[in-house]
Amino acid sequence: MIKSKIVYLILLASMVLFYILFIDSMSLLTLIITVIFPFLQLALLSHVSGKITASMDIETRTVPRNTDTRIIVKIKNHSLLPVSCAMAAVSIKNTLTGECQTLTTLLPVSSDNEQSIKFSVSYAHCGKVEVTLKNLKIYDYIKLFSKTINLNISQEIAVVPSLVNISPSIEVNLSGTSESDEFSKTRPGDDCTEIFNIREYVYGDKLNRIHWNLSTKLDGLMVKEYSLPVSSQVVILFEFCTDENSEDRFSKNDAALETAMSLSHYLIKNDISHRICWFDPLLKCLRNENITSADDFSGFMGAVFTSGTYRNSFSALIHHKFENSDAHFSHTLYISPVLSDEVFHNLSVLNNTYKKSYIYINDSNSELPEFFRSTDSINAVPADCENISGELNRMII
């Protein structure tokens, strides 16, 4: 725009000089047209800008990190005059990490027509991303003037962690650590207090499982399949805190969340219901989600992103210790992107759990301190930030 104004001022000065040197009707008419032309441009710009509307669509509202998704901005010109140049500005902000960027593009819009712009973007870190079509700036035909149309159309995208394929070992007696009122919906078991299914008798079925009353009515042997109790005493406790000493603290947060989600997904696949706990710095309390199926993930992810991160490296552990002092767990899986000898000691003396694992999200190049090693009371698991599946596959849950 500045360049166009400079060119116009040079043109106007030339027309004034031309009129002074050649005083006649032609030079006067040329000068008048040169003076009036900007006002005509301004009037046309005011008319066209009032006939412009815009909308924004997002292809996918939930995407894994580092996965491309498209943001589609549509500009509709309802005027009979074309728009020579329009600039759209889209703001993208990760509310969890605070990262921001603004995308802009220039395009013409024909008269009584619609023009679409597609931005292909990916997100490096997990979180709730706010995408806002902030404004449109419309220029006149020679870019002397512009008019900004404020829109502030916002939509949200959930950038979720990628589930890592892991296969840690599971103790065969895990489901039998205590009595449970929850039963598997997909596999039969031996708990006679709950019937899983009734089916026709096949050779090898136990005689004490024959449903005699139903067999008499159906004139055929029917047997009862009993239910499989599932344990709800495994707890995944993770710190969603930031490691201020790490250059890539957001990646460590992503890895901590991916670790929690991957372990949870693996437990669900093996019909082991469990609990996920984390600290909410907004409510200043420990949040708990009982995970019994894959559908429970969506609610959990939304709650974590709303809570946000914090700096205190052991808030979740301390609140868990005091709020669950009367509870007992078969295994506590503690996940943290921060390593501390104080936290290691507090976890090692935690007395409300039979087994304890400290899963530390480690930087690729950092060395582990001497105190962080497995003992009789705690299993120390260093998970590489870039490859968390390696150590997790060697765990015993």
Side-chain angles (χ1 to χ4, degrees), residues 1 41-141 143-162 250 253-254 257 282 297-309:
M1 279 184 62
Q41 292 292 308
L42 188 60
L44 292 175
L45 175 63
S46 179
H47 169 74
V48 172
S49 60
K51 302 290 185 178
I52 298 292
T53 58
S55 62
M56 181 176 66
D57 293 322
I58 297 175
E59 275 192 343
T60 309
R61 298 297 183 88
T62 303
V63 295
R65 64 190 185 99
N66 297 318
T67 301
D68 288 342
T69 186
R70 288 197 297 181
I71 301 170
I72 304 170
V73 176
K74 297 179 181 179
I75 302 174
K76 176 69 175 178
N77 181 10
H78 301 275
S79 171
L80 296 177
L81 297 173
V83 174
S84 63
C85 184
M87 183 175 72
V90 176
S91 172
I92 300 174
K93 180 180 180 180
N94 189 322
T95 59
L96 195 63
T97 64
E99 298 170 301
C100 299
Q101 63 173 318
T102 301
L103 306 175
T104 58
T105 187
L106 296 171
L107 75 161
V109 185
S110 302
S111 60
D112 196 21
N113 203 348
E114 184 178 82
Q115 182 70 39
S116 296
I117 323 154
K118 296 180 181 179
F119 299 97
S120 182
V121 295
S122 63
Y123 312 94
H125 302 295
C126 299
K128 184 174 66 175
V129 175
E130 291 183 350
V131 182
T132 304
L133 177 57
K134 297 174 63 177
N135 55 58
L136 286 177
K137 184 176 283 188
I138 310 299
Y139 295 90
D140 67 288
Y141 296 113
K143 291 189 177 180
L144 282 179
F145 307 104
S146 66
K147 187 168 183 179
T148 301
I149 304 172
N150 293 317
L151 298 170
N152 292 321
I153 302 172
S154 295
Q155 294 189 26
E156 292 182 351
I157 299 175
V159 182
V160 299
S162 302
F250 295 135
N253 279 111
D254 294 336
L257 191 54
L282 298 178
F297 282 152
S298 57
F300 159 68
M301 290 301 301
V304 169
F305 291 159
T306 302
S307 300
T309 59

Is there a donor-acceptor pair under 3.5 Å between the side chain of [X] and the backbone N or O of [Y]?
| X | Y | value |
| --- | --- | --- |
| N77 | S110 | yes |
| S46 | A43 | no |
| S307 | A303 | yes |
| Q115 | L107 | no |

Which atom names give the shortest non-hydrogen contact between L133 and S55, and what distance separates them? CD2-O, 4.1 Å
Nearest heavy-atom approach of T62 to T60 is O-CG2, 3.0 Å
Could you list the donor-acceptor pairs under 3.5 angstrom formed by side chains in residues 89-106, with sequence neighbours left out?
residue, atom, partner, partner atom, Å
N94, OD1, L96, N, 2.9
N94, OD1, T97, N, 3.3
N94, ND2, H125, O, 3.3
N94, ND2, C126, O, 3.3
T95, OG1, K128, O, 2.9
T97, OG1, E99, N, 3.4
T97, OG1, E99, OE1, 2.9

Hits for side chain to side chain contact (heavy atoms under 4.5 Å, CB included) against K76, two or more places apart or cross-chain, chain-then-number order -> T53, H78, D112, E114
Looking at side-chain heavy atoms only, is the closest gap between Y123 and T69 below 4.5 Å? yes
Taking C-beta and beyond as the side chain, do L45 and I138 meet within less than 4.5 Å on heavy atoms? yes
Can you tell me how far [atom2] of [Y] sits from [atom1] of [X], rounded to the nearest 0.5 angstrom?
| X | Y | atom1 | atom2 | answer |
| --- | --- | --- | --- | --- |
| L136 | I153 | CG | CD1 | 8.0 Å |
| D254 | R65 | CG | CZ | 4.5 Å |
| H47 | L42 | NE2 | CG | 13.5 Å |
| S154 | E130 | OG | CD | 6.5 Å |
| S162 | L257 | OG | CG | 10.5 Å |
| I72 | S116 | CD1 | OG | 7.0 Å |

Should the heavy atoms of other residues, nucleotides or ligands under 6.0 Å from CG of L282 be counted, would the total exceed 12? yes
Quick one, D140 with L44, criterion side-chain contact (heavy atoms from CB on, under 4.5 Å). Give me CA distance, side-chain angles, the key distance, then yes/no. CA-CA 7 Å; D140 67 288; L44 292 175; over 6 Å; no
Scan residues 48-58 for pairs that pass salt bridge (charged side-chain N to carboxylate O under 4.0 Å, His left out), counting only residues two or more places apart or in two chains. D57-K74
